[in-house]
4 protein chains.
Amino acid sequence: MAIIVNKKEKRRNIALACQELLLEHGIDNITISQIAKTAGVGKGTVYEYFENKEDIVFEIITTFVVEYEKRFEEISTSDLATREKLFRFFNLLFENETARRHLVIYKEFLAISMVHEIPEMLRFSEEIQAKFVKFLHQILQEGIGRGVLQEGIEDYTHTMMLFGTGLVVDSRLGIYEIGKEIECFLDMIFMFKQGGAS
Amino acid sequence: MAIIVNKKEKRRNIALACQELLLEHGIDNITISQIAKTAGVGKGTVYEYFENKEDIVFEIITTFVVEYEKRFEEISTSDLATREKLFRFFNLLFENETARRHLVIYKEFLAISMVHEIPEMLRFSEEIQAKFVKFLHQILQEGIGRGVLQEGIEDYTHTMMLFGTGLVVDSRLGIYEIGKEIECFLDMIFMFKQGGAS
Amino acid sequence: MAIIVNKKEKRRNIALACQELLLEHGIDNITISQIAKTAGVGKGTVYEYFENKEDIVFEIITTFVVEYEKRFEEISTSDLATREKLFRFFNLLFENETARRHLVIYKEFLAISMVHEIPEMLRFSEEIQAKFVKFLHQILQEGIGRGVLQEGIEDYTHTMMLFGTGLVVDSRLGIYEIGKEIECFLDMIFMFKQGGAS
Amino acid sequence: MAIIVNKKEKRRNIALACQELLLEHGIDNITISQIAKTAGVGKGTVYEYFENKEDIVFEIITTFVVEYEKRFEEISTSDLATREKLFRFFNLLFENETARRHLVIYKEFLAISMVHEIPEMLRFSEEIQAKFVKFLHQILQEGIGRGVLQEGIEDYTHTMMLFGTGLVVDSRLGIYEIGKEIECFLDMIFMFKQGGAS
DNA sequence: TATGAATGAGTATTCATTCAT
DNA sequence: CATGAATGAATACTCATTCAT
């Protein structure tokens, strides 16, 4: 019986093998030749499993996203204080050197996605966004349940996500200090409960 | 005697002549040949007034930014209701077809700026951001003075700007509806005055 | 299974195919497009086998040098009279129309090598020079053995090579007549044996 | 009465002002703009006095040649020993840092002259060569008169000049040590008098 | 006489993708 | 299944020279 290689699995294996390569070179500078060599296969073989370069880069990024989904879930299901959870949620891509390397790739992905508006990428972004919205929503609900957040605040989940995106994009500007901006934002969120800004 | 040309003015003239060209082709697809032809000068002449391609594209974008600065100032100094001003502020790049064409270029610029972090571009972005922060701040202060916004809300100017950036970037995703998201965000801002979300 | 190509051989084949092209256009005017077309391959293929334009021009020149090495060796191992060998040695690049076309390329190479002093070119020149020194030395040794040249004359091999280089470079000047200059030089060399210039 | 500027003198003045500039940048990298600025005139003015770039570079080099003619004459008319004179003659372009900077320009000139064979340059080269031949001839004649050189050696003046050219060209190769090569060559020249190499 | 603004030709190089074996 | 040799489109930039003033 011939060995049937699970196509999906092989895709993932090639992608996993190239995580570090992508972090090293970035989306624009990574080449198919490097990918093939790093994955230990021929260039033609890469094209057996992937439609085009975009497709493979995409898959590698997916491996990162999967990791971060876990991280977000851990945060949302942990027993930390609500405010701490929210801080970690927004700070996840900035918290250390490793995260910041991932941030670089995420920004590259965002840049391509912004400019080219490839349907597949958009769908992918929407899916990710939806998942993150879900986790954020959970944290907020729990905060309301715990009595530390005002009821109705969950209506602003989208608003918060947009703030998060702005944070990623504008983190490059010296005028913003990530930690401080997040704290400031959280102050605003938590202020409702205290009866407004008075 | 030789002609003395005002270098700065010629730069601006060439840039102005190429506004439409940039909107048509985008930052990545515009070529020096097109620029020269459109501006009605030789390629060499372009290089008399600009360091390189980046420099000229930059200048064209600047012409747009200058226009928008005026628009933002008009909004902030108009006699509209505070909420209306804020809505227009955040909606400016989405309000009509022309604006959305400019949005495309702005996103391209943002994309490059995000990925390449060229010092000059960063400085430029910071300057723009600073100006917009100023206008936003004015609106907020006025709102407080008018008694429609809670005192202290001006501390969240940065937060609001980051929301605005997120709006620009994530406007490509179908899950967000710009107008609705802005209204939602404004609801949040104005809710403080009403004594929280209760 | 994929084709395995002998990289070194393909390099040589491309280079050989372009010998005439180089003679026709010269080092400075030859283009990669011409090279690719002449060799019957795509431009990209040329870059599969060569680092850059310099590299390929270099290889073509090498094919000429290899030919001339053979010629020099033939001269040095022939059974001609020593004086005749020496004459042919110095006259090799001037002896006929074909040789003079090669001379043109050699001068172009020399010109680049002189002005840019690229390490690789220098090494190459030194290697060639060393080989020619060797052949010249052989001829001289043989002449001494045959009793037509004075012992010790082999110490002047370098001097003779420098004369040869000067001949190549200054052959462009009307005040020198190659054949005569060589004969004159040989007179000098052979005069020692006759007990000086007396 | 209008001031009549002596065209020839203005040419020389511009050329003299650019000596250092040429040494700094070399023939290939010097630009008309730099020349004009350095000479304190407009680009158009340069073209009033010179046909083209070649013409001006040419004139600058001529200023150097004029200097060296003096040096050669000094050597040939000095009261040094004949051997010392000859050594200095051949070593003049290598004797110190300044000379070596001039050597660079001379090699650049030689390179262009070799490859392009522009009639004007050839004539110029022939003139220079003729002058140097004259000085060399003087030294040799004097040596013969002094009884340190064999009669008839003056027939080899051309040969010696060709050796000198080879020295300039091949000085770039590590296998030659200028001083040693000159001494070796002189040994050969002076050996005749001693009755051959015996 | 002096100026300097305007000009435009010309070419190396990369890398995603294909397809013969 | 796997391979890797072959491909070719597409574009920024320099600088000598001219000529209107």
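Residue numbering restarts at 1 for every chain, and letters A, B, ... go by the order of the sequence lines. The basis for the numbers below is simple: all heavy atoms, side chains too, and nothing from hydrogens, waters or symmetry mates.
- Which of F:dA5, F:dA12, F:dT3 sits closest to the side chain of C:Tyr49 comes down to F:dA5.
- Taking 4.0 angstrom as the limit, A:Lys53 places a side-chain polar atom (N or O) nearer than this to OP1 or OP2 of E:dA16.
- For D:Arg12, the CZ atom sits in a loose shell: 12 or fewer heavy atoms of surrounding residues, nucleotides or ligands are nearer than 6.0 Å.
- The distance between atom CG of C:Asp55 and atom P of E:dA12, rounded to the nearest whole Å, is 14 Å.
- Judged by closest nucleotide on DNA chain F, C:Thr45 is the one of D:Glu51 and C:Thr45 placed further toward the 5' end.
- Of the two residues near DNA chain E, C:Glu54 and B:Val41, the one whose nearest nucleotide lies more 5' is B:Val41.
- Of the candidate nucleotides E:dT7, F:dT17, F:dA6, F:dT17 has the atom nearest to the side chain of D:Lys43.
- Atom-to-atom, CG of D:Asp28 to P of F:dT14 comes out at 16 Å; the value is rounded to the nearest Å.
- The phosphate of E:dA2 has OP1 or OP2 within less than 4.0 Å of a side-chain N or O from D:Lys10.
- The separation between D:Phe50 atom CZ and F:dT18 atom P is 16 Å, rounded to whole Å.
- Taking the six-membered ring for Trp and the full ring otherwise, the centers of A:Phe109 and A:Phe124 sit less than 6.0 Å from each other.
- Among all heavy-atom pairs drawn from C:Met114 and D:Leu110, the shortest one is CE-CB, 3.6 Å.
- If you check the side chains of B:Glu24 and B:Gln34, you find no donor sitting under 3.5 Å from an acceptor.
- The nearest pair of heavy atoms linking B:Glu120 to B:Phe58 is O-CZ, 4.0 Å.
- With a cut-off of 3.5 Å on both pairing distances, the Watson-Crick or G-U wobble partner of E:dT14 is F:dA9.
- For A:Asn52, counting side-chain heavy atoms from C-beta on, the closest listed nucleotide (E:dT17, F:dA6, F:dT3) is E:dT17.
- Pairing for F:dA2 is with E:dT21, a Watson-Crick or G-U wobble pair whose two hydrogen-bonding atom distances lie under 3.5 Å.
- For D:Lys37, no side-chain nitrogen or oxygen approaches OP1 or OP2 of E:dG4 to under 4.0 Å.
- The phosphate of F:dG8 has neither OP1 nor OP2 within less than 4.0 Å of any side-chain N or O from C:Tyr47.
- Nucleotide E:dT21 holds its C1' atom 14 Å from the CD atom of A:Glu48, rounded to whole Å.
- Per the geometry, CD1 belonging to A:Ile27 stands 16 Å off C1' belonging to E:dA16, to the nearest Å.
- Within the 4.0 Å cut-off from OP1 or OP2 of E:dT11, not a single side-chain nitrogen or oxygen of C:Thr31 is found.
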